[in-house]
Amino acid sequence: MLTVIWPTHSSQMTKTKYIFVTGGVTSSLGKGIIAASLAKLLQSRGFSVTIQKFDPYINIDPGTLNPYEHGECYVTDDGAETDLDLGHYERFLNIPTSQSNNVTTGKIYNNVIQKERAGDFLGKTVQVIPHITDEIKSNFYKLGETGLYDFIITEIGGCVGDIESLPFIEAVRQTRFELGSDHVVSIHLTLIPYLKAAGELKTKPTQHSVKELLEAGIQPDILVCRSEYELNNEIRRKLALFCNVQIDHVIESLDAETIYDVPILMLKEKLDLRVLDKFNIRSKEEPNIASWKEYLVRLKNPTSIVKIGLVGKYIELKDAYKSIIESFIHAGAVKDCKVEIVWIQSEDIQDDNCLELLSDLNGILVAPGFGERGIDGKISAIKIAREHSIPFFGICLGMQCAVVEFARNVLNLNGASSTEIGNSPLHPVIDIMEEQKNIKKMGGTMRLGAYTCLLEQDSLANKVYEQHEISERHRHRYEFNNDYLSRFKEAGMIASGINKETGLVEIMELKNHPWFIATQFHPELKSTVINPHPLFVAFVDAALKHKKNQ
Ligand code: GLN
């Protein structure tokens with residue numbers, strides 16, 4: 001860890017520096033990637049950094065949202081259901097996030113209302129300012145107070161000017177006022193659109209967005225400007241002048257080939273150094289980012305390609321499978337191979353077209369999901385993978401479908417199903433977990449977070465992980481029904497991973513198949529650039545081998 005000359009300050013908490021990232025002009029500019037890239041650069045300079053996301057919507061967490069609405073729900077080790085940006089934070093930084101890294105308006109109001117009911121504000125009118133903003137601030141500081149971090153980067157979801165985000169913006173203003181500008185830096189991410197007819201980049205939307213921030217009492221220190229074209233000096237000067245920022249604090253963020261290029265682009269634009277300047281922190285000239293660059297070289301120079309079919313029912317919104325996509329990118333880089341995902345809507349798979357749809361693929365992944373829609377297509381896809389020795393990877397619902405397929409077509413258990421999809425099936429090979437039976441409330445009540453699992457010696461899973469005990473993250477209510485375990489085993493589908501406390505089956509694999517692994521947990525939530533997930537790496541490897549024999 002680098003020796004830093006901190007400006008002297010009285011309280012311990014303010015030793016931690018706070019960086020806020022707000023967005024303007026439009027949503028979807030990639031605040032999460034900018035935050036993660038800055039964090040990566042600071043981390044590469046030897047600082048400890050974490051990133052937290054504050055979302056202005058009223059749901060307590062995104063756990064109850066349809067994936068079409070919000071993309072994937074990312075799950076942390078400690079069982080928080082969170083925004084998918086936390087996945088980017090972990091993939092870039094290679095450190096776990098937690099419950100405290102994602103806070104919504106719903107969570108803030110819930111806390112305040114509970115305090116009000118407990119009598120904490122007796123005699124007082126409870127108001128947005130100061131009570132809601134105080135609650136937001138105490139959540140801003142929570143991770144800082146652990147003393148573990150030099151920098152806390154806080155991403156504020158949505159756009160400046162949204163009604164919903166006003167209390168968060170006000171809390172940022174107060175934080176800046178209370179801790180002082182030595183301890184708080186504000187970065188505003190905007191868009192510089194290019195008008196084809198005029199042949200020009202336009203700064204006006206950014207000027208307006210900054211004005212909006214200024215009205216809320218926040219002068220951004222740094223502007224990060226998304227643009228399709230380079231910002232020339234004149235544009236930079238104009239932005240600096242109208243937005244009150246120094247010209248070298250106008251940072252260009254060009255559209256990148258991959259999200260993993262962004263830290264390097266930000267390094268070139270000196271975003272990390274500008275932030276450190278603002279805090280009066282001196283650092284070595286170059287961050288240690290060699291392994292990241294190495295990864296980029298591999299990523300961009302694949303020597304082969306594999307086609308993996310991703311069978312799911314939310315495929316129209318790719319963000320619903322964000323972590324799976326990124327895990328394939330990491331694994332592909334390890335194998336110098338480009339993984340081309342072939343998106344297959346499970347509802348489109350019918351008995352008469354499945355062979356044609358799937359048999360050319362080098363591997364098939366059946367994705368997580370909920371409910372009955374598209375289940376038959378998933379089961380048909382698994383049958384093809386099993387019978388045609390195509391490498392198969394099932395995740396969560398994908399594992400449950402693999403169990404149902406095997407029960408129906410190999411064990412000949414007519415009426416085998418999951419109790420989630422069939423009405424009291426004759427053979428409930430996948431059943432609701434005992435502790436889930438009496439749960440009525442939907443929010444935050446699944447089996448969530450990291451649990452350990454023991455791997456069967458000499459199993460494929462054991463070989464892939466090269467260890468006996470693993471820990472993986474979960475999000476489900478249904479499980480393999482152990483009453484059927486011996487019948488599966490006898491017929492060649494074994495439980496190669498089991499939770500030793502509960503006996504819950506975590507991994508099923510096929511014996512007489514080149515590569516067939518199905519997991520109850522979500523390995524995609526733990527793949528990072530530095531630590532690609534072994535199951536994804538091995539699956540890509542199996543797909544490469546299968547391709548050679550095809
Ligand atoms: N719907 C299944 C369950 O609740 C699988 C969940 C998932 O795929 N995340 O058990």
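Counting from 1, the numbers follow the sequence of the chain as shown. When a ligand or atom number is given, it counts from 1 through the structure's own listing order.
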**OP:** Decide whether a cation-pi geometry holds between Arg447 and Tyr451; the criteria are a distance under 6.0 Å from NZ or CZ to the six-membered ring centre and an angle within 45° of the ring axis.
**Re:** yes
Subject >> Numbered atoms of ligand 1 (with element) below 4.0 Å of His522, judged on heavy atoms >> reply: 9 (N)
Subject >> Protein contact of atom 4 (O) of ligand 1 - nearest heavy atom, named by residue and atom, plus distance >> reply: Arg477 N, 3.0 Å
Original post:
Under 3.5 Å, is there a donor-acceptor pair between the side chain of His468 and the main chain of Glu456?
Top reply: no
Original post:
Do Phe392 and Trp515 have ring centroids that are under 6.0 Å from one another?
Top reply: no
**OP:** Provide the number and element of each atom of ligand 1 under 4.0 Å from a heavy atom of Cys396.
**Re:** 5 (C), 6 (C), 7 (C), 8 (O), 9 (N)
Subject >> Protein heavy-atom partner closest to atom 5 (C) of ligand 1 - residue, atom, separation in Å >> reply: Gly369 O, 3.4 Å
Subject >> Tyr260 backbone acceptor or donor facing Trp292 side chain under 3.5 Å >> reply: yes
Original post:
Are side-chain heavy atoms of Pro391 and Phe516 found at a separation under 4.5 Å?
Top reply: no
**OP:** Would you mind listing which atoms of ligand 1 come within a distance below 4.0 Å of any non-hydrogen atom of His476?
**Re:** 3 (C), 4 (O), 10 (O)
Subject >> Atoms of ligand 1 close to Arg475 [distance to a heavy atom under 4.0 angstrom, numbered from 1] >> reply: 6 (C), 7 (C), 9 (N)
Original post:
When you measure from the side chain of Glu509 to the backbone N and O of Ala461, does any donor-acceptor pair fall under 3.5 Å?
Top reply: yes
Subject >> Heavy-atom side-chain contact between Ile153 and Thr50 under 4.5 Å >> reply: no
Original post:
Looking at ligand 1, does Gln400 have a heavy atom less than 4.0 Å from it?
Top reply: yes
Subject >> Met446-ligand 1 polar pair, N/O distance under 3.5 Å >> reply: no
Original post:
ligand 1 versus Glu420, non-hydrogen atoms closer than 4.0 Å: side chain, backbone, both, neither?
Top reply: side chain
